[in-house]
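Here is the structure we will look at.
One-based numbering along the sequence shown.
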Amino acid sequence: MADLAKAEELLFRRTGLDQRKVQSIVDESLHGADDGELFLEHRQTETFAWDDGKLKAATFDSSQGFGLRAVVGEATGFAHASDLSEDAIKRAAAAVQSVKTGRGGTYSSPPRGTNRAMYTDLSPLEEVAFGDKVKLLQAVDAYARAKDPRVRQVSASLAASWQVVEVVRAGGLRVADIRPMMRFAVSVEVEVNGRQESGFSGGGGRIGYKRYLEPEAWQAEVDEALRIALVNLESIPAPAGEMDVVLGSGWCGVLLHEAVGHGLEGDFNRKKTSAFSGLMGKRVASKGVTVIDDGTLNEERGSLTVDDEGTPTQRNVLIEDGILTGYMQDRMNSRLMGTAATGNGRRESYAHMPMPRMTNTFMLSGDKDPKELLGSVKNGIYAVGFGGGSVDITSGKFVFSCTEAYELKDGKVGRPIKGATLIGNGPDALTKVAAIGNDMKLDRGIGTCGKNGQSVPTNVGQPSMLIRGLTVGGTAAARSEAKKVSNAAGAMGR
């Protein structure tokens, strides 16, 4: 495969590593273990930040390293280093072998093979000249300020990375992947009569810069950020209490990601700490609710050819028509639970161990016109955007702050509201889904998911959705509930 050849060039030829010697070290260190691998990584990243009418930062970083893991039962030995040398890998091997003391196992079968390669070896960092990236941010600032005299501040950023990984297993199996990433974001602050409000928009994915060099692409993001800021200028304090809530499509799927997605990751269910533990095959949501995690979607932020253990990504049906049908699994938890790995073993970098994580998680469309959902609500709110949220995995309790929301009165969208917070319990909220729109879409590629101190890029998505009887809180309620879930295992932001 082309990506394997490129990975070998970067991770072996450029470092002077001898493949046969490295393979011998891996074979010896993992002999008698149940599972494990050597994870090699080379990564380049850059960031451009524009603020207050000038370029505030332009950074570039190149890093490489390895992580060696041996797994016996539930015990794991792990060592990592930024030194890609045979001596460093030998020292790591001596460290991880301690996990096998007095124990032994049969090395697990390798991941299934794949001939798919989702991305080429083109680095987005090299696709566009440095000066053109700076000119883009300058044009964003000028366009936003010329668009509306109420604009007081413009912040914009460009970021890209190029990651090459290779997984080396005992027995000689090697699996490689090339992973580009790009993100564009803009924030606009407006002011009228001393009142200041802001709006945010952005996008990206496993693509290069060229798409966002087109004026129609970046101008659309600026227009959206400005629109949200101007809407917030007209906002009134949010109501509080239990009421019907209509969620918009796309980025509102962050609620699904937090309230439901983390609870369907294998480690929490193996340890029986998830609100969904022991419910396989049972109804956990209203009819019509089907939730998917799919790491195979081309160019999406959460998509990978293979996960960080070498397992090909796939389309996993987690909830089908309201029935719990699957969990997201890495290799260790799937082995201990007697199921198959699903391509969800992910890690932030070579310095971290893999664990079950989401890729692109979304709910499928229903059959309702979104206007029907809005028209059916007598008294509630219409939530269009979130700033992020968090969840307590054990209880399923979640808190989300709205960045754009409106009153809903007698089936009509009313005034924008400020400070609205959605508070609830994930499994309970799924059973209150009363109607699902036919307008499913993914977010535009801005999300980063946190779990146990590790951050990975993900996508979220959903159609418009009506939830009956959800708790809406104002600022004070938000602070109180946020403290209750401050030990959340999962958090999603942009």
Side-chain angles (χ1 to χ4, degrees), residues 43-63 124-162 180-205 207-233 235 251 254 301 385-388 401-404 418-419 443-448 450 455 457 491-494:
R43 187 194 300 254
Q44 297 175 343
T45 60
E46 70 177 13
T47 302
F48 295 81
W50 183 280
D51 191 43
D52 199 24
K54 61 178 76 70
L55 185 67
K56 283 293 183 72
T59 66
F60 174 83
D61 180 65
S62 180
S63 63
L125 282 68
E126 302 170 357
E127 185 183 34
V128 175
F130 179 97
D132 291 336
K133 299 167 191 175
V134 176
K135 288 178 181 178
L136 170 58
L137 296 178
Q138 187 176 22
V140 167
D141 182 90
Y143 176 80
R145 294 180 187 276
K147 189 82 175 181
D148 196 296
R150 292 168 290 185
V151 172
R152 291 291 176 268
Q153 181 64 293
V154 179
S155 299
S157 65
L158 280 172
S161 65
W162 189 60
M181 182 70 74
M182 175 269 173
R183 188 176 188 268
F184 169 78
V186 58
S187 178
V188 177
E189 183 180 292
V190 295
E191 181 179 2
V192 173
N193 298 327
R195 178 174 177 174
Q196 297 179 342
E197 297 289 350
S198 63
F200 170 90
S201 188
I207 57 176
Y209 283 118
K210 284 188 176 179
R211 183 176 304 177
Y212 278 87
L213 286 181
E214 298 298 325
E216 57 266 27
W218 62 262
Q219 288 178 6
E221 302 292 359
V222 177
D223 291 344
E224 178 66 1
L226 177 58
R227 183 194 66 79
I228 295 171
L230 295 176
V231 165
N232 287 330
L233 270 181
S235 63
W251 175 245
V254 67
R301 188 168 166 84
F386 293 113
S401 58
C402 298
T403 55
E404 182 182 1
K418 182 179 177 65
D443 80 270
R444 294 195 300 274
I446 57 175
T448 297
S455 295
M492 179 73 169
R494 61 190 186 195

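- Scanning all heavy atoms of the two residues, the minimum distance from Ala229 to Glu197 falls at O-CB, 3.7 Å.
- Remark: Arg444 pairs with Ser201, Glu221 by the side-chain hydrogen bond (donor to acceptor under 3.5 Å, both in side chains) rule, at least two apart or across chains.
- Distance CD/Gln196 to CD/Gln153: 9.5 Å, rounded to 0.5 Å.
- Rounding to the nearest 0.5 Å gives a distance of 9.5 Å between CG of Leu136 and OH of Tyr209.
- Residues Val188 and Ala144 share a closest heavy-atom pair of CG2-CB, 4.5 Å.
- Among all heavy-atom pairs drawn from Leu137 and Ala156, the shortest one is CD2-CB, 3.8 Å.
- Annotation: side chain of Trp50 is not in contact with side chain of Leu158 (no heavy-atom distance under 4.5 Å).
- Take Arg152 and apply the side-chain hydrogen bond (donor to acceptor under 3.5 Å, both in side chains) test, not counting sequence neighbours, and it matches no residue.
- Partners of Ala185 under the side-chain contact (heavy atoms from CB on, under 4.5 Å) rule, at least two apart in sequence or in another chain, are Ser157, Arg183, Phe200.
- Listed by chain and number, the residues in a ring-ring contact (aromatic ring centres under 6.0 Å, His included) with Tyr143 are Trp218 (sequence neighbours excluded).
- A donor-acceptor pair under 3.5 Å is formed between the side chain of Arg195 and the backbone N or O of Leu233.
- For Ile228, the side-chain contact (heavy atoms from CB on, under 4.5 Å) criterion is met by Glu224, Asn232, Glu404, not counting sequence neighbours.
- Listed by first and then second residue, the side chain to side chain donor-acceptor pair (under 3.5 Å) pairs involving residues 126-140 are Glu46-Lys133 (not counting sequence neighbours).
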side-chain contact (heavy atoms from CB on, under 4.5 Å) for Arg211 and Met182? Distances and angles first, verdict last. CA-CA 10 Å; Arg211 183 176 304 177; Met182 175 269 173; over 6 Å; no
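- From Leu55, atom CG reaches atom CZ of Phe48 across 7.5 Å, with rounding to the nearest 0.5 Å.
- A salt bridge between Arg145 and Asp141 is present, with a side-chain N of the basic residue lying under 4.0 Å from a carboxylate O of the acidic one.
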Would you check, one step at a time, whether the test side-chain contact (heavy atoms from CB on, under 4.5 Å) holds for Asp223 with Arg227? CA-CA 6 Å; Asp223 291 344; Arg227 183 194 66 79; over 6 Å; no
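- The distance from the CZ atom of Phe184 to the CD1 atom of Ile446 is 12.0 Å, given to the nearest 0.5 Å.
- For the residue pair Tyr212 and Gly204, the shortest heavy atom distance occurs at OH-N, 3.6 Å.
- The side-chain contact (heavy atoms from CB on, under 4.5 Å) search around Ser161 returns Thr45, Met181, not counting sequence neighbours.
- Every residue two or more places apart in sequence or in another chain was checked for a salt bridge (charged side-chain N to carboxylate O under 4.0 Å, His left out) with Glu189, and none qualifies.
- For Lys210, there are no salt bridge (charged side-chain N to carboxylate O under 4.0 Å, His left out) partners, not counting sequence neighbours.
- Between atom OG of residue Ser198 and atom CG of residue Leu226 there is a gap of 11.5 Å, rounded to the nearest 0.5 Å.
- For the residue pair Leu125 and Trp162, the shortest heavy atom distance occurs at CD1-N, 4.0 Å.
- Between Thr47 and Ala159 the shortest heavy-atom distance is OG1-CB, 4.1 Å.
- Residues meeting the side-chain hydrogen bond (donor to acceptor under 3.5 Å, both in side chains) test with Gln44, sequence neighbours left out: none.
- Phe60 pairs by the ring-ring contact (aromatic ring centres under 6.0 Å, His included) definition with nothing, not counting sequence neighbours.
- Shown here are the side-chain hydrogen bond (donor to acceptor under 3.5 Å, both in side chains) partners of Arg150, two or more places apart in sequence or in another chain: Asp148.
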